[in-house]
Amino acid sequence: MRTTSQVAKLTGISVRTLQYYDEINLLNPSQLTSSGYRLYDDEDLKKLQQILFFKELDFKLKEIKAIIGQPDYCQIEVYKKQKKLLSLKRDRLNRLISLLDKLEKGESRMSFTEFDLSEYIDALEQFKTSEPDQIIKYWGSVESFDKLIEKVKEDEPHLAQLAVKQFGSVEKYTEAMKNNLAHFSELMEQADGMRESIDTLMKKNDDLHVCLTADMDREVSSPEVQRALQEIIELSQDSLMGMAVGDGYWNMVIESYENEINKAITDQKYGEGASDYIADALRYYFHK
């Protein structure tokens, strides 16, 4: 058994960080002494090791806690996935270092190929092979799906930039898209079930935006504004049907309200200044 100080010395993690992990029930010590000192065994250290691997992959603490807390959590399977993700991250960093070497030498390289989506493209190819019926049902033909794959290849640099912006990394984006493909049938069934109520959802969304912008002299931090905004966000999340959209999704939504074309449409619909008002309200909601 090791004390908090001994674990901190062994791992390089601060004592306060270990205490915080205990407070949020991410990593609880196996024992507490009669004096209240935390004691960690080898299983605790294995768990801490996995937490550090997840942190290295830019997972947030709440995401790590959710993964580790799953009933079917298997350390060996998680090791395999972490190894794969870290290998992808290593390869990506190697490409970026190589690009920086060339830029440092004065070479002009407006290149974004280092942010490649090759694994996502491979996942699309595998999906095409394994789910031809689903492809025909939702894309009309395998040829149409091939066009989608070609479009992804053509727009790869731009899509990779969006992936990093929305999910934080190409690796996270790829895992999320692979998960969506793995549950494609269920997601589409849910979508089919919602199509009948789409008009109702759109009407509710419009009503909530009318409520939100009814008095734009109100502070965006006011309870009334934030309640209306929370309902809009919950409605939007329901319409996504559990599909992964990434931590940067709402930042991109905020930016969309600042786009000149969208701003003109929103202001025309809800009143002059509505687009900026909604963007400010969203910014307050997510960054307060």
Side-chain angles (χ1 to χ4, degrees), residues 24 54-55 57-67 85 115 117 120 152 155 157-181 183 187 190-191 194 197-198 200-216 218-288:
I24 64 173
F54 277 121
K55 281 178 62 63
L57 289 163
D58 302 321
F59 281 76
K60 294 185 177 179
L61 293 182
K62 64 179 179 180
E63 295 172 333
I64 300 171
K65 184 178 177 181
I67 294 169
L85 286 171
F115 301 89
L117 296 174
Y120 172 49
V152 171
D155 294 343
H158 177 63
L159 289 175
Q161 290 179 71
L162 290 177
V164 172
K165 192 173 186 179
Q166 187 171 342
F167 285 83
S169 71
V170 168
E171 291 84 1
K172 278 192 171 186
Y173 172 79
T174 299
E175 284 301 305
M177 295 304 102
K178 286 168 71 174
N179 183 68
N180 287 345
L181 289 172
H183 298 90
L187 293 170
Q190 291 180 53
M194 288 185 68
S197 59
I198 194 70
T200 303
L201 287 172
M202 290 179 67
K203 175 67 166 60
K204 185 175 180 180
N205 183 65
D206 186 51
D207 289 345
L208 287 169
H209 277 82
V210 169
C211 177
L212 178 66
T213 56
D215 180 4
M216 287 184 277
R218 292 178 299 187
E219 292 291 332
V220 295
S221 59
S222 71
E224 298 83 7
V225 170
Q226 290 298 302
R227 271 198 300 271
L229 194 60
Q230 184 173 356
E231 287 190 62
I232 290 171
I233 292 165
E234 289 173 354
L235 185 68
S236 175
Q237 290 170 336
D238 288 344
S239 68
L240 290 168
M241 302 167 296
M243 286 194 293
V245 294
D247 292 337
Y249 173 76
W250 285 102
N251 284 332
M252 293 178 70
V253 171
I254 292 169
E255 288 181 14
S256 74
Y257 279 107
E258 296 168 339
N259 173 282
E260 289 305 317
I261 296 174
N262 291 338
K263 182 180 288 191
I265 294 170
T266 304
D267 286 0
Q268 184 177 17
K269 190 170 186 179
Y270 301 112
E272 188 68 30
S275 188
D276 287 336
Y277 186 79
I278 296 169
D280 288 343
L282 282 166
R283 196 175 287 109
Y284 178 85
Y285 184 91
F286 285 105
H287 303 293
K288 62 188 174 196

>> Suppose we screen for side chain to side chain donor-acceptor pair (under 3.5 Å). Which residues come up paired with Tyr257, at least two apart in sequence or across chains?
In response: His209

>> Using modelled atom types and a 3.5 Å cut-off, is there a donor and acceptor pairing between side-chain atoms of Lys204 and backbone atoms of Leu235?
In response: no

Kindly indicate whether the side chain of [X], heavy atoms from C-beta on, has any atom under 4.5 Å from the side chain of [Y].
X: Asp207; Y: Lys203; answer: yes
X: Lys178; Y: Thr174; answer: yes
X: Val225; Y: Tyr284; answer: no
X: Lys269; Y: Ile265; answer: no

> side-chain contact (heavy atoms from CB on, under 4.5 Å) between Leu282 and Ile233: does it pass, once the steps are laid out?
Replying inline: CA-CA 9 Å; Leu282 282 166; Ile233 292 165; 4.2 Å; yes

Between [atom1] of [X] and [atom2] of [Y], what distance do you get to the nearest 0.5 Å?
X: Asn251; Y: Ser256; atom1: CG; atom2: OG; value: 11.0 Å
X: Arg283; Y: Glu255; atom1: CZ; atom2: CD; value: 9.0 Å
X: Asp206; Y: Ile232; atom1: CG; atom2: CD1; value: 10.0 Å
X: Ser275; Y: Glu260; atom1: OG; atom2: CD; value: 8.5 Å
X: Thr213; Y: Met216; atom1: OG1; atom2: CE; value: 5.5 Å
X: Leu212; Y: Gln226; atom1: CG; atom2: CD; value: 8.5 Å

> Got more than 12 heavy atoms from elsewhere within 6.0 Å of CD, Glu219?
Replying inline: no

>> List the residues meeting side chain to side chain contact (heavy atoms under 4.5 Å, CB included) with Glu224, not counting sequence neighbours, and say none if there are none.
In response: Arg218, Ser222, Arg227

> What heavy-atom pair brings Tyr285 and Gln230 nearest, and what distance separates the two atoms?
Replying inline: OH-CG, 3.7 Å

